[in-house]
Amino acid sequence: MKIQSVKGTRDFYPPVMAVRNFILDGWKSASLRNGFEEYDGPIFEYLKMYQVKSGDEIVEQLFNFTDRGGRHLAIRPEITPTLARMVNQQINSLPRPIKWFSIPRLCRAERPQKGRLREFFQWNVDIIGSESILADAEVIYCTIDYLRSLGLTSKDIKAKISSRKLLAAFLLDIGIAADSLESLYPILDKKPKLPEDAFVEMLGKAVEDDGKADTIKKFMELSDISEIAGLFNPGEEAKAALQELSDLMDILGQMSVGDYCVFDPHIVRGLAYYTGIVFEIHDAANSLRAVAGGGRYDNLLGDFGGPKVSGTGMGMGDCVLEILLSEKGLLDGQLPTKNLDYFIACLDTDLQGAALELTAALRHAGFATDFSYKATGLKKQLKQASAANSAICVIIGTEYKEKSLFLVKDMKTSGQQLMTKEQVIQAAK
RNA sequence: GUGGAUGUAGCUCAGCUGGCUAGAGCACCAGGUUGUGAUCCUGGGGGUCGGGGGUUCAAGUCCCCUCAUCCACCCCA
């Protein structure tokens, strides 16, 4: 019986695994150099944990099951609720700001398509317990720092930044009722995908006053925060939000990633819990879904039974990123699946004992060492050494038979010299 | 959930209007006389043509059903 892999999952053969490691290792080192600590939680949680802040539709997109004790559980579709739970449990003993990152494997029972699978990895970076705009700047910086380290330039990707706070203040200031904001956000979020007249029509239905609708449309078309002033009379909230946004841009400029960052009012984010700065990373051509997204949330801990402590964070999946890197040719160098220090070529079955002894000694000394199971021709064994990216190939042949010497070949320079076993191990160090 | 496309070797694919034992490139394995990595040359293994049914003297090719995958929409934490 032939069994195939489950829809939306991937098999990581060594070359594919090398790409995955390349991405995940990069996430980890970027996090660490930006001063974040790693955490993780269980891969399944109580189902209700994911129902707190989302509706039934989200639940349909969960892999959930009931255990033998009758508990309703779900495989994690995101790690933020786990983070909130973990932080809440120790909130009084954790030094602030809490700068944590995680690289969880997540599952969502959605229909797979380009850049979206049912099982994937997501890099999460969060700073909890700081209201400072510096925290938002650090999250964005860390995200760009990583992408830049891969070779993506400001011509390849953009961090599109906006502010929920500004948007809300603006809408209230022009006279939109507070209780209709929530229903307006999804429409604004959709604008980039819609033809202009379709957007105008949707907006017209949601906002009856033509003048207000027109002002909203103009707001959405802004490309620079300095232009906002002429659009409406900002109240206190709006002024504060504007100042914050402008400070953020200044900080990102000082941190040398200003050319990656643009103000873009289209960034609303569907999620209701965002309350301040919001941002998404997109490829410049905007042909892929977002590479990363995040923002500030004021009520997340509170939603999970904790105190009202503000946080700001970011999530980046591996699927879209891999497509982008591949399109930009940044994965072309064919990542190695094997990197030996030593390959032991044995040319005579009688000498296999010596080969095994040397292999074991080198391995014991901490060197990646491999050998051929068959005493085939030297040509073939050198080929094997080469394929395994071995730095050195030790040849055991007549010299060993006659003088107990190993022929040590440097695979890069092709130079070779005779050595005793002790010399081989000494040279290795 | 809706719509569109595609399933032929491990991978990427060719196979025209049905017609002999189903092909190519890459990959893999073995060789090219005793011990030097590339290229090249020769040979080899490997396919229920996604599955089932139908039409026909004859089906990878045409028709129906089914399964799977991909792409787009919905959604997107």
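All chains are named by letter (A, B, ...) in the order of the sequence lines, taking the proteins before the strands, and each is independently numbered beginning at 1.
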Check your understanding: Looking across every strand, which nucleic acid part, if any, lies under 4.0 Å from T80(A) by heavy atom: base, sugar-phosphate, or nothing?
Key -> nothing
Review point. Can you find a donor-acceptor N/O pair under 3.5 angstrom joining the side chain of Q4(A) to the base of U69(B)?
Key: no
Check your understanding: Any side-chain N or O of K374(A) under 4.0 Å from OP1/OP2 of A30(B)?
Key -> yes
Check your understanding: For residues 306-318 of chain A, which residues have at least one heavy atom under 4.0 Å from RNA chain B?
Key -> none
Practice item. Figure out the CD/C1' separation between E110(A) and C76(B), and round it to whole Å. Key: 5 Å
Practice item. Using a 4.0 Å heavy-atom cut-off across all strands, classify D348(A) as base, sugar-phosphate, or nothing. Key: nothing
Exercise for review: Determine: side-chain N/O of K190(A) to OP1/OP2 of C74(B), distance under 4.0 Å, yes or no.
Suggested key: no
Check your understanding: Does any donor-acceptor pair link the side chain of R111(A) with the base of C74(B) at a separation under 3.5 Å?
Key -> no
Point to revise | Residues from residues 290-299 of chain A lying under 4.0 Å of RNA chain B - heavy atoms | key: none
Practice item. Name the pairing partner of C13(B), where a pair is Watson-Crick or G-U wobble with both distances under 3.5 Å, or state none. Key: G23(B)
Practice item. Could you check whether E399(A) gets within reach of a base, just the sugar-phosphate, or nothing at all, counting any heavy atom under 4.0 Å? Key: base
Review point. Under a 3.5 Å cut-off for both distances, is G43(B) Watson-Crick or wobble paired, and to whom?
Key: C29(B)
Check your understanding: So what does K7(A) touch, heavy atoms closer than 4.0 Å: a base, only the sugar-phosphate, or nothing?
Key -> sugar-phosphate
Practice item. Name the nucleic acid region contacted by K401(A), choosing base, sugar-phosphate or nothing; use a 4.0 angstrom heavy-atom cut-off, strictly under. Key: nothing
Check your understanding: Where along residues 378-395 of chain A does a heavy atom come under 4.0 Å from RNA chain B, residue by residue in number order?
Key -> L378(A), K379(A), K380(A), L382(A), K383(A), S386(A)
**Study point:** Sugar-phosphate only, base, or nothing, as touched by K193(A) at under 4.0 Å among non-hydrogen atoms
**Key:** base
Check your understanding: When we call it a touch if two heavy atoms are under 4.0 Å apart, what does L106(A) touch: a base, just sugar-phosphate, or nothing?
Key -> nothing
